[in-house]
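First comes the structure, then the notes that go with it.
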Number of protein chains: 2
Amino acid sequence: MSSLHDTPRGIPEVTVARLPGYLRALTTLADAGQESVSSESLAATSGVSPSMLRKDLSHLGSYGVRGVGYETSRLIAEISAALGLTRDWPVAIVGMGNLGRALAAYQGFAVRGFQVIALLDGDAEVVGTRIAGLDVQPMADLPALVTRSGLAIGVIATPPSAAQQCCDALVAAGVRSILNFAPTVLAVPPGVIVRKVDLATELQILAFHSHAQAHAAHAEVKGA
Amino acid sequence: MSSLHDTPRGIPEVTVARLPGYLRALTTLADAGQESVSSESLAATSGVSPSMLRKDLSHLGSYGVRGVGYETSRLIAEISAALGLTRDWPVAIVGMGNLGRALAAYQGFAVRGFQVIALLDGDAEVVGTRIAGLDVQPMADLPALVTRSGLAIGVIATPPSAAQQCCDALVAAGVRSILNFAPTVLAVPPGVIVRKVDLATELQILAFHSHAQAHAAHAEVKGA
DNA sequence: CACACTTTGTGAAAGCCTTCACAAGCGCGT
DNA sequence: ACGCGCTTGTGAAGGCTTTCACAAAGTGTG
């Protein structure tokens, strides 16, 4: 039943990665007044196949009613509980360069349940300046943030050269979940989760497809 | 040999997604003066297994030398060629809200080969203002950008409510590759590639792991 | 020149994930 | 109360991806 790719509670990693999408679709439906939804319609809204949605949800439990569908509010509650969104998650952003400042100012972090409680930087020049309503703190403040504020999620927005060092500091302070915007592979001890977001990578993948398509179109013209 | 998950040239999608990582690792090694690299060492730098790296590279061709390894500069050239990075890719950002402005200002887009050539917004109030050295243009300019500047990649940074509409406009103008920052599932005709970047989703996945870990630690204390 | 050492390229095997197909179960109308 | 229609939950099958293990091939040395 459980395998190497399963998370501690037996939910496959790929399923966990899709749950936020279902949650967003459900919230939209609930706001529109829909009290019940079928796997077919929720799957369409989420951009997945109905059987995949049902298989994913089956890992959480049996919260649907055969012949009817899923109660919107119930499913929202269950997925929220599974993801751990019933509590608040304090977030700290490390690295106040171009990207870090953009992230600090970006309202997108103010999603329900997440709150940026601290901004940090290794440069003494930057420490003490005020960004997006918060005073930038030195890296040395990390342990106190973890113990006093329950900091559990760190966002790395430093240049690649400083990323590993900042990552190590976060891990040493007790942070176990890291979102890495720096274009580097981070080495972390087991038990620490790193997710990576990289614009350059995304653009290059898109370039591949544009390139391939241009090639195909060219070949077609030549061949026809 | 080729399958549903293969791209036009028979390279699996998962492989394409990893090529940018190899490219970055190789560039770092080349800058450090390394002229040759083994699959074991390149794999370690890229954060993958040696056999996966070799299988991925084998889809591009046989560019290694048995008993020696890969010539750094040669492999950089081959991967760049496969990804289509030998030419320049003009990029347009649609939606000049908080996120769009941050992306326009963010130097991270100025990766080799990608250049933001236009900023667009549907709001007449915003059109004409100057952001990061570019004048914001109306959506109606899209077709001209595609034909005159060869625009091929569009970045959507609008609120979710406007995302589909902007996506349709991009597709109608001839853009075939879209990077979507809006938390919405975009419907596109076949042949158009969409990749999604969503901070809220990433944070929720991290929350799941923190949550699971806190749970496990709690259970352990209770059990012991 | 032959041999030993190293590392690639690749079939085959194993493991995941997705899709399929259908029994089980629920509500509703009669 | 009973049957009909609809939708979920889930084994089984199929398809991808990753890992394994080794033959093929190149380098360097005596």
Side-chain angles (χ1 to χ4, degrees), chain A residues 1-19 21-22 25-26 29 34-72 74-76 78-79 82 205, chain B residues 1-19 21-22 25-26 29 34-72 74-76 78-79 82 205:
Chain A
M1 178 180 159
S2 72
S3 74
L4 275 174
H5 278 199
D6 281 5
T7 59
R9 264 168 298 163
I11 306 178
E13 188 66 44
V14 280
T15 294
V16 172
R18 283 190 292 261
L19 290 180
Y22 303 153
L26 282 164
L29 292 174
Q34 275 209 32
E35 293 178 4
S36 174
V37 66
S38 69
S39 68
E40 187 177 339
S41 123
L42 180 55
T45 312
S46 308
V48 302
S49 73
S51 44
M52 196 157 95
L53 172 67
R54 290 205 299 275
K55 183 73 84 181
D56 281 343
L57 294 184
S58 77
H59 287 113
L60 307 187
S62 280
Y63 303 126
V65 180
R66 290 166 197 241
V68 178
Y70 301 89
E71 190 192 339
T72 321
R74 172 83 191 280
L75 202 47
I76 288 176
E78 295 295 348
I79 295 180
I205 296 171
Chain B
M1 178 178 160
S2 73
S3 74
L4 274 174
H5 278 201
D6 281 3
T7 58
R9 262 168 298 163
I11 306 178
E13 187 65 45
V14 280
T15 294
V16 173
R18 282 189 292 262
L19 290 180
Y22 303 152
L26 281 165
L29 292 173
Q34 276 209 31
E35 293 179 4
S36 172
V37 66
S38 69
S39 68
E40 187 176 341
S41 124
L42 180 55
T45 311
S46 308
V48 303
S49 72
S51 44
M52 196 159 97
L53 171 67
R54 289 204 301 273
K55 184 72 86 179
D56 280 345
L57 293 184
S58 77
H59 286 113
L60 307 187
S62 279
Y63 303 126
V65 179
R66 293 170 194 232
V68 178
Y70 301 89
E71 189 193 339
T72 320
R74 172 83 191 280
L75 202 47
I76 288 177
E78 295 295 348
I79 295 180
I205 296 170

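Labels below follow one simple rule: chain letters A, B, ... track the order of the sequence lines, proteins then strands, and each chain is numbered from 1.
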In whole Å, I'd like the distance from the [atom1] atom of [X] to the [atom2] atom of [N].
{"X": "A:L57", "N": "C:dC17", "atom1": "CG", "atom2": "P", "result": "16 Å"}
{"X": "B:L53", "N": "D:dC20", "atom1": "CG", "atom2": "C1'", "result": "16 Å"}
{"X": "B:E13", "N": "D:dC16", "atom1": "CD", "atom2": "P", "result": "13 Å"}
{"X": "B:Y22", "N": "C:dT8", "atom1": "OH", "atom2": "P", "result": "13 Å"}
{"X": "A:M52", "N": "D:dG15", "atom1": "CE", "atom2": "P", "result": "18 Å"}
{"X": "B:E71", "N": "C:dT8", "atom1": "CD", "atom2": "P", "result": "14 Å"}
{"X": "B:L42", "N": "C:dG9", "atom1": "CG", "atom2": "P", "result": "12 Å"}
{"X": "A:L60", "N": "D:dT8", "atom1": "CG", "atom2": "C1'", "result": "14 Å"}

Using a cut-off of strictly less than 4.0 Å, decide whether [X] has a side-chain nitrogen or oxygen near OP1 or OP2 of [N].
{"X": "A:Y70", "N": "C:dC26", "result": "no"}
{"X": "B:H5", "N": "D:dT17", "result": "yes"}
{"X": "A:S39", "N": "D:dT8", "result": "yes"}
{"X": "A:R18", "N": "C:dT18", "result": "yes"}

Problem set entry | Minimum heavy-atom distance A:Y22-A:M52, with the two atoms named | OH-O, 4.3 Å
Of the nucleotides [options], which one has an atom closest to the side chain of [X]?
{"X": "B:R54", "options": "D:dG9, D:dA21, D:dT19", "result": "D:dA21"}
{"X": "A:P12", "options": "C:dC17, D:dT19, C:dG9", "result": "C:dC17"}
{"X": "B:K55", "options": "C:dC17, D:dT19, D:dG9", "result": "D:dT19"}
{"X": "B:S51", "options": "D:dC20, C:dT8, C:dT19", "result": "D:dC20"}

Exercise. Under 6.0 Å from the CD atom of B:E35, do we count more than 12 heavy atoms belonging to anything else shown?
Worked result: no
For this session: May I ask you to verify whether the side chain of B:R66 and the base of C:dT7 hold a donor-acceptor pair under 3.5 Å?
Result: no
Measure the shortest side-chain to side-chain distance between [X] and [Y] over non-hydrogen atoms and say whether it is less than 4.5 angstrom.
{"X": "A:L53", "Y": "A:R18", "result": "no"}
{"X": "B:D56", "Y": "B:V48", "result": "no"}
{"X": "A:L57", "Y": "A:Y70", "result": "yes"}

Exercise. Taking for each residue the nucleotide of DNA chain C with the nearest heavy atom, is it A:D56 or B:S58 whose nucleotide lies nearer the 5' end?
Worked result: B:S58
Problem set entry | Comparing A:S49 and A:V68 on DNA chain C - which has the more 5′ nearest nucleotide | A:S49
